[in-house]
Each structure stands twice: as structure tokens, then as C-alpha cells.
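Excluded from the calculations below are hydrogen atoms, water molecules and symmetry mates; all remaining heavy atoms, backbone and side chain alike, are included.
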Amino acid sequence: MPDNEHNSVYRQKKIVEILKMLHAGGSFDEAKQIFDSTFSSVDVSEITSAERELIGSGLNPMEIQRLCNVHAAVFKGSINPGSGDSVEEVPGHPVAVIKLENTVITSLLDDELVPVLKKWQQSSDDATPSPRDQEYLQRMKTALADLRTIDKHYARKENLLFPIMDRYGITAPPKVMWGVDDDIRGWIKDAIRLVNAEPTPAKYDIETAIEKAKKDIEEMIFKEEQILLPMVAEVFTPDDWALIQSESADIGYTLIPEPLPWQPSERDYAEAAKRKPSKMAQELNAMAQSMADEQDLKARARPTTPATATEDAESLIPDDLKAKQDDPAALAALPLHLRAEMGQVKAEKPAKEDARAQINVNISQPPAEKKEMPEFVKQMLADEAAKPAHQRRPRITESHLEIGADNHATIVMPTGDLDLSQLTALFGVLPVDITFVDANDIVRWFSDNGDRIFPRTRAVIGRAVVNCHPPKSMGKVQVILDDFRSGAQDHADFWINLHGTKKVYIRYFAVRSPKGEYLGCLEVSQDITEIQQLTDEKRL
């Protein structure tokens, strides 16, 4: 074993070298041999840091996703268990719930689905299946239907753990794991389609789909329990876990009843207070400091600008984004125009022929001078003012908030008034799911009528919206937002068959002020299954 095995720089360099070799098509056996001859063990943070470095060097996260099972196989058996607290094993704690689900999923695969598949394969291939063959096929259908509920397990991970990981700058693992989750969903869906097809397809095709799903699920369980959970245990606080627990029931659980209620105890907070900064946190801080130092050098090299311009630019960066200026991973997740505003990239002159490129990235420039009101408009307003009061058009009320003497708040809008309780209740009964993303592409609000089509949790508030989507959708989402911002389009429509049971209509709308200023994006999702089945009329 080399003397410099404990040198962190050397270790990091060696892990990146092994991963690069794998991504270049190198031999798994050779990579495994290099690893075994170099390391006796490896920390979770070292693997994730290496994957972050690969993504930072330009490697597509989808490529890492394609080979992440190989990564896990290379390091399997040598990953240190980490310093997870025993309090996370308490029944009801989100970590204990995830592990319990994984145990039940493993049992479903090993004790029911796969054994029944083998028995069914060994039966005869007669044109008319025997009663026993029909029983085996029905048991596989039932087991696969149960396995499909793994979607809830993954949805909790994607909508609760991943957003909080983003806050701590841990962005690479979510990008990779979400893509694999979707692959697993796809294999299960294929297997269900095959076992329910008439006539029954070739046994080999059904075996392939089930075995592929099983292999990927087992690899994901390993990555969750040996990499993901130890990683977040080092940085998540008791309040983070409390948020996850409080939001989990709305998404649901996989093959287990609702767990026992859990809340952080005084012991949990005491243990968290004693916890030393993790290697991962230290590494992230070092990366952030390095970038800050580099930015400082660049800032000194840039010519000074008038104080007024600097002050204007600073005032246009929201406080929640200022907090991300020392977080390289969070900065990388921001859209181009914000990174330019914060000095992360150089704003290029937009190309006229590309509508999406016509985004005003230099949003700190002072607004253009107001043009003089046209004479015909002045005359029209004067004519209106000269009319008797009863003939004038009612003046449109500008939206504002009124606070009465009893501190009762009323929201006054051009089309009527609502108090806060009425407005809250109104959003609670709308038969659509609504999410609002602000002009900085940050999720700010979502409606909840108790029966959402797609999961939304409070953990996503303040998160870059592109990170709320699987990797394969990120680029499409960003194009829509950029088109809205540039004015190239005002809405985008999609429709999907969700789980083969619902027809869902998804619409995105650009939200603009009366002056045309881009305020953000509104996503509206609606289950239109029953609407499509309407016929004739039903009148009041």
C-alpha cells in the first residue's frame, strides 16, 4: 500500500483517474485492480467529490448515470460506513423509513417475484397454459403492481432529500440518481406491459425486463444506504429531517403502512450541536473559498465602474441569491442571465437571428428613458375626463393591500377584493395544480388542494426550478424559461399519459406585469381524463 494513501490530494486524483478510465471505456477489472492496490477503504465524500469534478470538467451527468452502477461495483465493499448517528435508526425517522422500505422491496424481489418467474419459465410452453402457469403469471402481475409503488419511495427522495442537498451544494448525486430512478420506473413499466399483453410474449422478453429492473433496484438500494444516506447524515440538521418527515405522508410510502410519528428530540439537537464539520462540508467550503478568491482577483483586474452603477447592480440581485455567491454548485445551477449578473460568466452580445439569444443578460443597465405620451392618447384621456361622472368608464383599480383598523388584511384587485383566508381557501379547491417560478427561475409558491398530480413539498421553495426535474428534462425546461424571458413565446403546452391511468395536461405561462416586465412562469397541471370522456350536455 503506498505511503501517500492518506494524502487527500493524491486520493482524490487517483479516484478521478479511475472514473475517467471507466468513462473512456477502460476495463472494469483493471479499474478494480488499481483501486484495490491503492486504497484499503474510501469515504463517500471522496467518491461524490470525484463525480462532481467530472461534471465540473464538462462530463454530461447522463454519462455518469450510465456508468454509476459500475462506479458502485468498483468501490463496493470498501466504502467506510461514515459517522451516521444512531438516532436515525429510531422508528419513524426518515432514514429508518427508507431502509425499512428497501428491506420490504428486497423481500418482494427475492422471495416472490423472481422465484415465481423461475417457476413460470420452467413450465411448459403449450399453447394453452395450465392452471398453475396462469397462477404464476397472475402472481407476477400482482408482484409487479406492488413493485410499481417504488415510485413513492423515489418521489420522496427526489422531492424531499434532493432539494435540501441542493442547499448544501451537493448537486451531482441528485442529477445522477434521479436519472437512474427514471430508468427503473421504465423497466418496471415495461415488465408490467409484457405480463399483461395478449397473447403472452416470449418468456425471455419478460425475464429480461424483470431481471433488469431487479439489478438496477438492488444497485440503487446499495447507493442509497451506503452512499446517499451516510452523505446527508453528515450535513442534514434535525430540522431538515423534521421537514422531510412532515411532508412524507403527502407523497406516500412503498409497501409499508404510515410509520410512527417522529419529531426531533432534545438529544437529537444536542448530538447535532456536538457534530464536527464533516469532510464533505470542509471540502465544499474550500471549493467555495477558492472560487471566491478567484472572483476577487478578477474583480480587482476589472476597471472600476461608477458607484451608482455598482449600487444599482447590487440592488437587483435578490438576497437569497446573494447567499449563493460562495456556493459554486448552487451558482452553476442558476440560469445564464443570473450567472452573468453575478459576475460568473461574461455576458455575450445576443445574436439577432436567435430569439432565445435575445435575452437581456445585463439586467443591471439603467432603464431607457420614458417616451413622451402620444398626443392622441392625451386627447383621449382629456375627452374621458370631460364627460359627466355617470358616463365615464370605471377606473381600473391597481392591486394593493389594505389593512383595516382591526388589522384585517384585504387584497384589492382590479376585479374584486379577497381577504387572506378567502384567497388561501380558493387555491385549496382549484381543480388544477399551480406552481409559480419567479423571474430568477426560483420556485416561490405552489398550490395544494390535497390531491396533487405531481408531488410538491416545501423543500422545493427557493430551489432552482431546473433542478426539480430529472436530468433528461432540464434542458427543455431551461429553453422554455429562456423563451419566456426573451419574449419568444408566452406559453408552452404538453400532455402525457401518467402511469397509463391519467391523461394530464401541463401548461406553462409567462407572467408579465402590465408594462411587459417578465415576472416569472406559472405551471398549471390538470387531470383531464374525465373531461375527455364528456359527451352531450349537462345544463343547469
Separation between CG (D183) and CD1 (I217), nearest 0.5 Å, reads 12.0 Å
Does the distance from a Lys or Arg side-chain N to an Asp or Glu carboxylate O, for R139 and E112, drop under 4.0 Å?
yes
Do you know the tightest heavy-atom contact between A249 and E258?
CB-OE2, 4.0 Å
Whether S473 side chain and H469 backbone form a donor-acceptor pair below 3.5 Å
no
Evaluate the criterion side chain to side chain contact (heavy atoms under 4.5 Å, CB included) for residue pair E225 and N102; output intermediate values, then yes/no.
CA-CA 9 Å; E225 298 192 1; N102 282 338; 3.1 Å; yes
Measure the OH-CD distance between Y508 and Q489 for me, rounded to the nearest 0.5 Å.
12.0 Å
Quick one: pull up CG in L109 and CD in E211 and give me the separation to the nearest 0.5 Å.
9.5 Å
With a 4.0 Å cut-off, would you call E207 and K212 a salt bridge?
no
Quick one: does any side-chain atom of T254 pair with a main-chain N or O of H153 as donor and acceptor, under 3.5 Å?
yes
Interatomic distance, CG@L161 vs OH@Y154, rounded to 0.5 Å, equals 13.5 Å
Rounded to the nearest 0.5 Å, what separation is found between the CE atom of M220 and the CD1 atom of I150?
9.0 Å
Grab the two heavy atoms, one from D490 and one from F484, that are nearest each other, plus how far apart they are.
C-CE2, 3.6 Å
May I ask you to decide if T237's main-chain N or O and D240's side chain share a donor-acceptor pair within less than 3.5 Å?
yes
So, do K472 and D182 sit near enough that their side-chain heavy atoms are less than 4.5 Å apart?
yes
Should we count CD of E266 as having more than 12 external heavy atoms under 6.0 Å?
no
Mind checking whether I461 and F446 have side chains closer than 4.5 Å, heavy atoms only?
yes
Taking it one step at a time, do R456 and E523 satisfy salt bridge (charged side-chain N to carboxylate O under 4.0 Å, His left out)?
CA-CA 12 Å; R456 288 287 187 276; E523 176 190 335; 3.2 Å; yes
With a cut-off of 6.0 Å (strictly less than), are more than 12 heavy atoms of other residues, nucleotides or ligands near NZ of K141?
yes
Run the salt-bridge test on E271 and K274 with the 4.0 Å N-O cut-off and return the result as yes or no.
yes
Closer than 4.0 angstrom, basic N to acidic O: yes or no for D527 and K503?
no
Flag the pair E219 / K214 as yes when at least one side-chain heavy-atom distance between them is below 4.5 Å, and no otherwise.
no
Compare every heavy atom of V432 with every heavy atom of S447, then report the nearest pair and how far apart it is.
OG-O, 3.9 Å
I'd like to check S399 versus I411 (side-chain heavy atoms, cut-off strictly below 4.5 Å). Are they in contact?
no
Steps toward side chain to side chain contact (heavy atoms under 4.5 Å, CB included) verdict (Q226, I221)
CA-CA 8 Å; Q226 300 299 322; I221 289 173; over 6 Å; no
Does the side chain of D146 come within less than 4.5 Å of L255's, by heavy atoms?
yes
Short side-chain to backbone donor-acceptor contact, S525 and I506, under 3.5 Å:
no
Report yes or no: does S486 contribute a side-chain atom to a donor-acceptor pair with the main-chain N or O of D483 at less than 3.5 Å?
yes
Salt bridge (charged side-chain N to carboxylate O under 4.0 Å, His left out) partners of residues 410-436, not counting sequence neighbours, each pair once
D433-R452
Paired with E158, the salt bridge (charged side-chain N to carboxylate O under 4.0 Å, His left out) test is passed by just one of R185, R463, K152, namely R185
Evaluate the side-chain proximity of V412 to L401: yes if any heavy-atom separation is below 4.5 Å, no if none is.
no
Give a yes or no on whether the ring-centroid distance for F436 and W445 is below 6.0 angstrom.
no
Could you check whether any side-chain N or O of S513 sits under 3.5 Å from a backbone N or O of E517, counting only pairs where one atom can act as donor and the other as acceptor?
yes
Taking K99's backbone N and O only, do any of them form a donor-acceptor pair with T103's side chain (distance below 3.5 Å, no angle check)?
yes
Hey, what's the ring geometry for F162 with W178, parallel, tilted or perpendicular (30° and 60° as the breaks)?
tilted
Passes side chain to side chain donor-acceptor pair (under 3.5 Å), D239 versus Y269? Steps please.
CA-CA 9 Å; D239 288 334; Y269 286 106; 2.5 Å; yes
Under a 3.5 Å distance rule, please check whether N440 uses its side chain to pair with a backbone N or O of I442 as donor and acceptor.
no
Over all atoms of both residues, closest heavy-atom pair of C521 and V511:
C-CG2, 4.3 Å
Return the minimal non-hydrogen interatomic distance between R507 and D493, and the atom names on each side.
NE-OD1, 3.0 Å
In Å and rounded to the nearest 0.5 Å, what is the NE2 to CG distance from H491 to L522?
13.5 Å
Applying side chain to side chain contact (heavy atoms under 4.5 Å, CB included), run through F454 and L498 and close with a yes or a no.
CA-CA 10 Å; F454 301 110; L498 186 64; 4.1 Å; yes
May I ask you to decide whether R458 forms a salt bridge with E247, counting only side-chain N to carboxylate O separations under 4.0 Å?
yes
Run the numbers on L519 and R512 for side chain to side chain contact (heavy atoms under 4.5 Å, CB included), then give the verdict.
CA-CA 5 Å; L519 301 178; R512 307 186 194 281; 5.6 Å; no
Would you kindly say whether D111 and S107 are connected by a side-chain donor-acceptor distance under 3.5 Å?
yes
Side chains of M413 and H400: does their closest heavy-atom pair fall under 4.5 Å?
no
Decide yes or no for D441 and Q478: does some side-chain heavy atom of the first lie under 4.5 Å from some side-chain heavy atom of the second?
yes
Taking the side chain from D205 and the backbone from P201, do they hold a donor-acceptor pair closer than 3.5 Å?
no
Please evaluate residues D181 and K157 with respect to the criterion salt bridge (charged side-chain N to carboxylate O under 4.0 Å, His left out), reporting the C-alpha separation (whole Å), side-chain torsions for both, the decisive distance (0.1 Å), and the verdict.
CA-CA 10 Å; D181 291 347; K157 179 174 62 177; 3.2 Å; yes
R485 (side chain) donor-acceptor with Y518 (main chain) under 3.5 angstrom:
no
Taking the inter-plane angle between the rings of W241 and H93 on a 0 to 90° scale, is it parallel (under 30°), tilted (30 to 60°) or perpendicular (over 60°)?
tilted
For G92 and P259 the tightest heavy-atom approach is CA-CB, 4.2 Å
Is the number of heavy atoms from other residues, nucleotides or ligands under 6.0 Å of H408 NE2 greater than 12?
yes
